[in-house]
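This report refers to the structure that appears directly beneath it.
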Amino acid sequence: LLVESGGGLVQAGGSLRLSCAASGRTFSNYWMGWFRQAPGKEREFVGAISWSGGRTYYADSVKGRFTISRDNAKNMVYLQMNSLKPEDTAVYYCAASNIAGATLTSKYNYWGQGTQVTVSS
């Protein structure tokens with residue numbers, strides 16, 4: 001089970017930190033990803049972090065602004081979002097995969113319910 005939190009309304013240029021709490025499985029066995037879906041658009045990859053947290057990947061659209069981290073002791077993964085833009089507005093989802101480096105939604109086995117992020121201009 002994955003549960004996201006931390007979404008909300010923020011002005012452009014602001015920051016938010018999303019959290020994802022995992023339960024029910026051995027969290028450290030999974031590569032964790034963040035995705036987002038804006039109205040009328042397909043769900044897209046935002047970034048991912050390796051089992052140990054030593055490797056991260058990001059979509060070009062968020063590179064340098066977003067940072068993913070995880071705390072395996074707490075079964076938590078985070079998405080720190082800085083310099084937010086109106087185009088970052090979407091529902092954000094965390095997901096778990098047992099495939100290293102996965103960026104496709106089809107490679108993720110478990111999903112949270114999502115949390116809304118709205119960036120006003």
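Bear in mind the structure is a predicted one, so any value in this text is a computation, not a measurement.
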Kindly compute the distance separating [atom1] ([X]) from [atom2] ([Y]), expressed to the nearest 0.5 Å.
X     : Y      : atom1 : atom2 : result
Cys94 : Gln113 : SG    : CD    : 8.0 Å
Trp31 : Ser52  : CH2   : OG    : 8.5 Å
Ile99 : Leu104 : CD1   : CG    : 9.0 Å

Notebook entry, point to check: Which salt bridge (charged side-chain N to carboxylate O under 4.0 Å, His left out) pairs, counting each pair once, include a residue from residues 67-79, with sequence neighbours left out?
Noted result: none
Check: Applying the 4.5 Å side-chain criterion to the ILVMFWY set and letting contacts propagate, would Phe45 and Ile49 be lumped into a single cluster?
Finding: no
Next item on the list: Spell out, yes or no, whether Val10 and Leu18 are grouped together once hydrophobic residues are joined by side-chain heavy atoms under 4.5 Å, including indirect joins.
Entry: yes
List the atom of [X], the atom of [Y], and the distance in Å for their closest heavy-atom pair.
X      : Y      : answer
Thr105 : Trp111 : O-CZ2, 3.6 Å
Ala102 : Tyr108 : O-OH, 2.7 Å
Gly101 : Tyr57  : CA-CE1, 3.8 Å
Val117 : Met81  : CG2-CE, 3.8 Å
Ser83  : Ser15  : N-OG, 4.3 Å

Next item on the list: Check the surroundings of atom NZ in Lys63: do more than 12 heavy atoms from other residues, nucleotides or ligands lie under 6.0 Å from it?
Entry: yes
Please check: side-chain N/O of [X] versus main-chain N/O of [Y], any donor-acceptor pairing under 3.5 Å?
X      : Y      : value
Ser121 : Pro86  : no
Glu4   : Gly114 : yes
Trp51  : Ser28  : no
Thr118 : Thr89  : no

Notebook entry, point to check: Between Trp34, Tyr93, Tyr58, which is the residue that forms a side-chain contact (heavy atoms from CB on, under 4.5 Å) with Val46?
Noted result: Trp34
Next item on the list: State which residues pass side chain to side chain donor-acceptor pair (under 3.5 Å) with Tyr92; sequence neighbours excluded, sorted by chain then number.
Entry: Arg36
In the structure I gave you, are the side-chain heavy atoms of [X] and [Y] within less than 4.5 Å of one another anywhere?
X     : Y     : result
Phe66 : Leu79 : yes
Ser69 : Gln80 : no
Val77 : Ile68 : yes
Leu2  : Met32 : yes

Notebook entry, point to check: Taking NZ, NE, NH1 and NH2 as the nitrogens, is one of them in Lys85 or Asp88 under 4.0 Å from a carboxylate oxygen of the other?
Noted result: no
Notebook entry, point to check: Do Arg43 and Phe35 meet the cation-pi criteria used here (NZ or CZ under 6.0 Å from the six-membered ring centre, within 45° of the axis)?
Noted result: no
